[in-house]
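Worksheet: the structure to be examined is printed underneath.
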Amino acid sequence: MAKLLPLLEHAVKKPVWDCRMCGQCVLHSTGMTCPMTCPKTLRNGPCGGVREDGHCEVKPEMRCVWVKAEERSHALPHHWEEEFHDLRPPVDNRLQGTSSWTNLLTGRDRRTPAGWQGVARERHSAVPGASMVEVDEPATLPEGFHA
Amino acid sequence: MSRLSDLIAAGTRPVVTAEFPSIDGGGLPAVERAADELRPYVDAVNATDNPAAHAHASNTSIAIGMAQFGLEPIMQVVCRDKNRLAMQADIIGASLFGVENVACLTGDDVTAGDEPEARRVFDLDSTQLVKVASGLAEGHYLSGRAIKQPPALFVGAVENPFAPPLDYRVLRALKKSEAGARFLQLQIGYYPERLEAFVRGCVDAGVTRTTALIPTVVLTKSAKALSFMDESVPGISIPADVIARVAGAGDKDAIAEESYRLTLELSRHALSLTGVSGIHLTDFRHDGSLERLVRDLGIGPAFDPVATASGATSG
C-alpha cells in the first residue's frame, strides 16, 4: 500500500490540479490552485512579472497561477481563505514523488529546519536569548554533524 | 548596521538609491568609474544579480567592489540562479567585506534573458529568502547552525504595486515585511494612482511601521524606450497615452526633454506620498540626467539642505 499510495494520489490529483507530487501539498491554502504549476514554483504569492492582463510572465497564454489562486481563495471556507496569507516554508526537495497524504498523516510535511523556526541550534549561540532547542527530527537535522 | 538603515531610521530626508550599471570587462577601473559617477548623488546603489536573466559580473563581486570604492552597496540576490546553500553563502561571504544591505528578489525568468535554455532554480522564493537572510543576521543558517558574530544585515525586498493582482500587493508587502524585510524597493510604474493606493494600503496595514517604501523611477530619453519596457519587461505596463505624450513632443531633443519631465513628475508624486521613505533611480540615459533629477528634486547627499545641515552627507 505504501508504494501504491503515491500512484493513487497522482492518479487523482494530476487530472484535477496538475499535481507535481511535491509531497507537501498546500492546495487548501492556495485557493485549490497548485503553486508548483507556477513556472517559478513560488509558494508565497505572485512574482512581480505578472502581465497587465493577469497572465504569466513565462507562459503568456496561461493565467498567472497566483492570480487564480488569490481569486479562488475567497471561495473557500474562511479558515482556508485565511491560510492563504501564511508564510509557507521552503520546499523539502526530499519529499518529491512521495505521497503528501502519507506525509500529512505522519506530520512529515510540516517538518522545517530549525533555522526556519528562528532558532540557532548550537549551545553557544551568538543570538541573545536563543537557547538550545530539542530537535525532534534527528533525520532532518544531524546533530553534531557540523561540530 | 548600514548607513542606509541609519538614514532611513533617522527619517530626516528621503533616501536616494540607484542601480549600478552592469559590468562585464574592464576590470576594477570600470567599477571605480561607475562608482565615481554615482557617489555624489545617491546614498546607496543596487548591485544587480544577473538582471533580466543576462549573465554579468556577479552581485557579490560588484557589491564588494562598490564598498571598496566608498559607495554603499545594496546587494540584490535573486532566486532564479542559485539554491539556498549558494544564496546564504553569497550573503555571508559578501558581509565579510562590509556588504550589509541585501535585497531579496524572485528574479525574472530565464526566458527573459539571452540564455533561455538555462535551468531555472527557484529553490527558495523571495519571501522565504527574506526570512532566511534575516535569520543569518540573527545568528543562524536555515539549518539552524549557529553563526558566531553574525553580520548586521539590513534585509529588504522588492514589490510591484503595478502588476495584478493589484488588491493583493499590499498583503504581499505585509508578508515580506513580517518575514523581515526592512525596506521594499518598488517596481518601475507609470500608474501614479496605483502607487498611491498601494502606499496608502501599506500605511493602513502597518507595513510602513517597520519597512521603508522606496518607489522607482526610470530615466529614459525616447518613446521607443517606453514602448520597449511596456512590451518586453516583465511586470511593467505603460499606458498608451503616456507613450503618446512623449512620442508626440516633437524632435529628438524635445522627446528627450518630455521623457525627463515625465520622470520628474512621477518622482515628485512618489515623494509626496505619506509613507514613502525615498526613491530609487534607474538611469537609461547616462547623460547627466540623474544629477539633474536629484537637483530638481532637491534630494540626496548633494542637494538636500536637511542632510547638509545635519552633516549626514559623506562628502
Side-chain angles (χ1 to χ4, degrees), chain A residues 35 38-60 63-64 66-71 73 84-91 93 112-130 133 135 140-143 145-147, chain B residues 79-80 83-84 88 105-112 120-132 134-150 158-165 167-169 171-172 174-176 178-179 186-187 230 233-238:
Chain A
C38 161
K40 300 181 182 177
T41 61
L42 303 181
R43 303 275 280 196
N44 284 295
C47 72
V50 183
R51 292 166 192 266
E52 185 68 8
D53 62 1
H55 281 229
C56 172
E57 163 196 339
V58 185
K59 298 179 181 170
R63 278 192 87 208
C64 165
W66 280 99
V67 168
K68 283 191 287 190
E70 201 268 338
E71 262 174 31
S73 71
F84 185 81
H85 305 296
D86 289 355
L87 176 57
R88 279 167 286 276
V91 166
N93 288 289
T112 52
W116 186 256
Q117 295 137 37
V119 284
R121 202 150 36 84
E122 284 167 28
R123 192 175 298 277
H124 302 291
S125 166
V127 190
V133 290
V135 179
T140 311
L141 297 165
E143 272 305 319
F145 187 78
H146 302 282
Chain B
C79 297
R80 177 194 57 237
N83 73 4
R84 59 193 83 179
Q88 292 179 89
L105 289 69
T106 306
D108 294 330
D109 188 65
V110 292
T111 50
R120 52 173 80 93
V121 180
F122 299 111
D123 187 32
L124 299 181
D125 64 35
S126 55
T127 316
Q128 292 163 349
L129 180 58
V130 165
K131 187 170 159 86
V132 170
S134 305
L136 297 176
E138 288 161 11
H140 57 83
Y141 289 96
L142 175 58
S143 69
R145 180 160 44 92
I147 299 165
K148 286 173 190 165
Q149 297 178 284
V158 300
E159 190 45 65
N160 188 346
F162 307 98
D167 292 342
Y168 177 64
R169 292 290 168 181
L171 293 169
R172 187 159 159 78
L174 181 64
K175 194 173 194 177
K176 287 179 174 175
E178 287 173 349
L186 307 180
Q187 176 61 288
D230 180 47
V233 181
I236 298 183
S237 157
I238 306 180

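Below, chains carry the letters A, B, ... as their sequence lines are ordered, and counting in each starts from 1.
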Rounded distance [0.5 Å steps], NZ in B:Lys175 versus CG in A:Asp86: 7.0 Å
Under 3.5 Å: donor-acceptor pair, side chain of B:Arg172, backbone of A:Pro46: yes
Ring geometry between B:Tyr168 and A:His85 (parallel below 30°, tilted from 30 to 60°, perpendicular above 60°): parallel
Residue pair A:Trp116, B:Gln128: steps toward the side-chain contact (heavy atoms from CB on, under 4.5 Å) verdict: CA-CA 9 Å; A:Trp116 186 256; B:Gln128 292 163 349; 3.8 Å; yes
Point-to-point distance, once rounded to the nearest 0.5 Å, from CG of A:Leu42 to OG1 of B:Thr127: 8.5 Å
Audit row: B:Asp123, A:Asn93, side-chain contact (heavy atoms from CB on, under 4.5 Å) steps and yes/no: CA-CA 9 Å; B:Asp123 187 32; A:Asn93 288 289; 3.1 Å; yes
A:Lys40 side chain to B:Val121 backbone, donor-acceptor under 3.5 Å: no
Interface residue of largest heavy-atom contact number with chain A, from B:Leu124, B:Val132, B:Asp125, B:Leu171, under 4.5 Å: B:Asp125
Nearest heavy-atom neighbours spanning A:Gly48 and B:Ala163: O-CB, 4.1 Å
Closest heavy-atom pair and its distance - A:Pro90, B:Leu142: CG-CD2, 4.3 Å
Which atoms of B:Asp167 approach chain A - backbone, side chain, both or neither, heavy atom under 4.5 Å: neither
Best-contacting candidate, B:Lys131, B:Lys176, B:Glu178, against chain A by heavy atom pairs under 4.5 angstrom: B:Lys131
Atom group of B:Arg169 that falls short of 4.5 Å from chain A, counting heavy atoms: side chain
For chain B, the option from A:Asp53, A:Thr41, A:Val58, A:Val67 that forms the most heavy-atom pairs under 4.5 Å: A:Val58
Interchain contact, A:Glu57 with chain B, by part (heavy-atom threshold 4.5 Å): side chain
Residue pair B:Glu138 / A:Val119, side-chain heavy-atom distance below 4.5 Å: no
Toward chain B, the part of A:Arg51 with a non-hydrogen atom under 4.5 Å: backbone
Heavy-atom pair with the smallest gap, counting every atom of A:Pro113 and B:Ser143: CB-CA, 4.0 Å
B:Pro165 versus A:Glu70, closest heavy-atom pair with distance: CB-OE1, 4.2 Å
